[in-house]
Trainee: 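A single structure is presented below for examination.
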2 protein chains.
Amino acid sequence: MVLDPPPDEALRWVERIAKYCADQDGVPLIAGRILGWLTIAVPAEQSATQIAAAIGASRASLTTNLRLLDSVGFVTQLTHPGERTVYYRVDDGAWARVVRRQVASLAALGEILQDGTDLVRGSPEGAARMRVANEVFAWLADVFAHAPPMPGETRTAGRAAPEEPS
Amino acid sequence: MVLDPPPDEALRWVERIAKYCADQDGVPLIAGRILGWLTIAVPAEQSATQIAAAIGASRASLTTNLRLLDSVGFVTQLTHPGERTVYYRVDDGAWARVVRRQVASLAALGEILQDGTDLVRGSPEGAARMRVANEVFAWLADVFAHAPPMPGETRTAGRAAPEEPS
DNA sequence: AAGCTGGTTCAGTACTGACTGAAATCACGA
DNA sequence: TCGTGATTTCAGTCAGTACTGAACCAGCTT
């Protein structure tokens, strides 16, 4: 099968996504590229070799990063009968998961700050400072508690970011 | 002035904060320690030397990282008349800013995905995939648009995360 | 002026982690 | 059982960067 090389415009876009992933999320650059590419790839199913060609990375890197993306559920594998090749496609909820991860991460930070409250007990000035910090996270939790359910979400999610089991 | 060494409990907590900053935000470990320490330090004003002693880092590192924290407005400098020493304290809105940064970052990601919509035009299957992704970010923007103002926020903030000018 | 003291700059070190090429392994067909 | 293509593992390279020690600078004090 001849792969038509992806247009420059697409590659630039993929690069933006990859940069975001690398800078903001700590995801390896190549993993970001894969994610970006699979998001706009047609057809959605792409073999590792195809992806490697599209984004210009080695097969070895593909193995590593596809496994990473798979382990966090950002891509799903699928195979066709009579074929040995494994195809990958971006999971429908991948980007939702990115959002949820970020939100959950903030919630975790809120927990930590909460725990710090005890440390400043004894100093009214310190306690006040800590209260200001905690209010922000209380506000955040509140915002999501009263938010409509995320698209693709089943429940209204009383707590910030429940992760579905693998 | 004799500095009483910070209790173990406090140091452990500072370390948790630092770890969060380093892992989730890409902030240098020491900067995270400074931020954590200043959050629970009593008194709130601490000199670079004091901080260095408390978290066990070199003065040089303090210079670098205090400047970093200052440049993003997480700490503020203050001086006392008749003294040369510069004192630092955590900015009241520091943690709010952390939250806002994260949210803004997600909004930016939403923009990027939005821009990708054009790339899949021509393939109904790809367009559908992209729409699913965009819906999540639309939902997120909506949540914050209808949220009560963040504590310490002046306006109701129609857009996600306006940064006050320096 | 000399000597402190607090602050900054700079060059070097150490470390982490992404990425790759090549070897090893696996799964299936003949 | 052998061969072949796809995949994985592994060791090594490389880049980026956090951190530090040491030298340097600027005011104050005597």
Side-chain angles (χ1 to χ4, degrees), chain A residues 1 3 14-15 17-37 45-72 74-89, chain B residues 1-3 14-15 17-38 45-72 74-89:
Chain A
M1 178 196 199
L3 350 150
V14 168
E15 215 55 28
I17 291 282
K19 183 154 177 48
Y20 177 90
C21 292
D23 289 352
Q24 305 294 326
D25 270 341
V27 172
L29 203 53
I30 294 201
R33 290 202 184 103
I34 295 174
L35 197 55
W37 174 245
E45 290 83 16
Q46 300 266 319
S47 74
T49 313
Q50 286 176 312
I51 303 173
I55 67 175
S58 75
R59 267 310 269 102
S61 293
L62 265 285
T63 298
T64 310
N65 288 283
L66 277 173
R67 155 153 22 191
L68 170 66
L69 290 174
D70 190 42
S71 74
V72 292
F74 282 10
V75 303
T76 56
Q77 303 187 13
L78 46 121
T79 50
H80 295 304
E83 267 201 84
R84 303 224 311 269
T85 317
V86 177
Y87 291 88
Y88 297 86
R89 59 166 299 159
Chain B
M1 177 195 196
V2 178
L3 349 150
V14 168
E15 215 55 27
I17 291 283
K19 184 156 176 44
Y20 177 91
C21 292
D23 290 352
Q24 305 294 326
D25 271 340
V27 173
L29 204 52
I30 294 201
R33 290 203 184 102
I34 295 174
L35 197 55
W37 173 245
L38 284 182
E45 290 83 16
Q46 300 266 317
S47 74
T49 313
Q50 286 176 313
I51 303 173
I55 67 175
S58 74
R59 275 296 279 102
S61 293
L62 265 284
T63 298
T64 310
N65 288 283
L66 277 174
R67 155 152 22 186
L68 170 66
L69 290 174
D70 190 43
S71 75
V72 292
F74 283 10
V75 303
T76 56
Q77 304 187 13
L78 45 122
T79 50
H80 294 304
E83 267 201 85
R84 283 203 286 140
T85 317
V86 176
Y87 291 89
Y88 295 86
R89 61 166 298 161

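These figures come from a predicted structure and were not determined experimentally. Convention: sequence-line order gives letters A, B, ...; per-chain numbering from 1.
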Trainee: When the distance from CG of A/Asn65 to C1' of C/dG17 is rounded to whole Å, what number comes out?
Mentor: 12 Å
Trainee: Give a yes/no on whether any side-chain N or O of A/Ser58 is located under 4.0 angstrom from OP1 or OP2 of C/dT20.
Mentor: yes
Trainee: Closest heavy-atom contact between B/Val14 and B/Gly36?
Mentor: CG2-C, 4.0 Å
Trainee: To the nearest 0.5 Å, what is the distance between CD on B/Glu15 and CG on B/Leu29?
Mentor: 6.0 Å
Trainee: Here's a test for you: under side chain to side chain contact (heavy atoms under 4.5 Å, CB included), which of B/Val75, B/Leu62, B/Asn65, B/Ile30 qualifies with B/Ile51?
Mentor: B/Leu62
Trainee: Can you tell me how far the OH atom of B/Tyr87 sits from the OG1 atom of B/Thr76, to the nearest 0.5 Å?
Mentor: 14.5 Å
Trainee: Side chains of A/Arg89 and A/Gln46: does their closest heavy-atom pair fall under 4.5 Å?
Mentor: no
Trainee: What are the two closest non-hydrogen atoms of A/Gly32 and A/Val27, and how far apart are they?
Mentor: N-CG1, 4.1 Å
Trainee: List, with names and distances, any nitrogen or oxygen atoms from the protein found under 3.5 Å away from nitrogen or oxygen atoms belonging to nucleotides 3-8 of chain C.
Mentor:
unit_1	atom_1	unit_2	atom_2	d
C/dT5	O2	B/Arg84	NH1	3.3
C/dT5	O2	B/Arg84	NH2	3.0
C/dG7	OP1	B/Val86	N	3.0
C/dG7	OP2	B/Arg59	NH2	3.2

Trainee: How long is the line joining CG of B/Leu62 and P of C/dT9, in whole Å?
Mentor: 14 Å
Trainee: Provide the closest heavy-atom pair for A/Leu68 versus A/Pro28 in the form atom of the first, atom of the second, distance.
Mentor: CD2-CD, 3.7 Å
Trainee: Distance under 4.0 Å to a non-hydrogen atom of chain A counts as contact; along DNA chain D, which nucleotides mark the start and end?
Mentor: D/dG5 to D/dT9
Trainee: Could you list the residues that satisfy salt bridge (Lys or Arg N to Asp or Glu O under 4.0 Å) with B/Asp70, not counting sequence neighbours?
Mentor: none
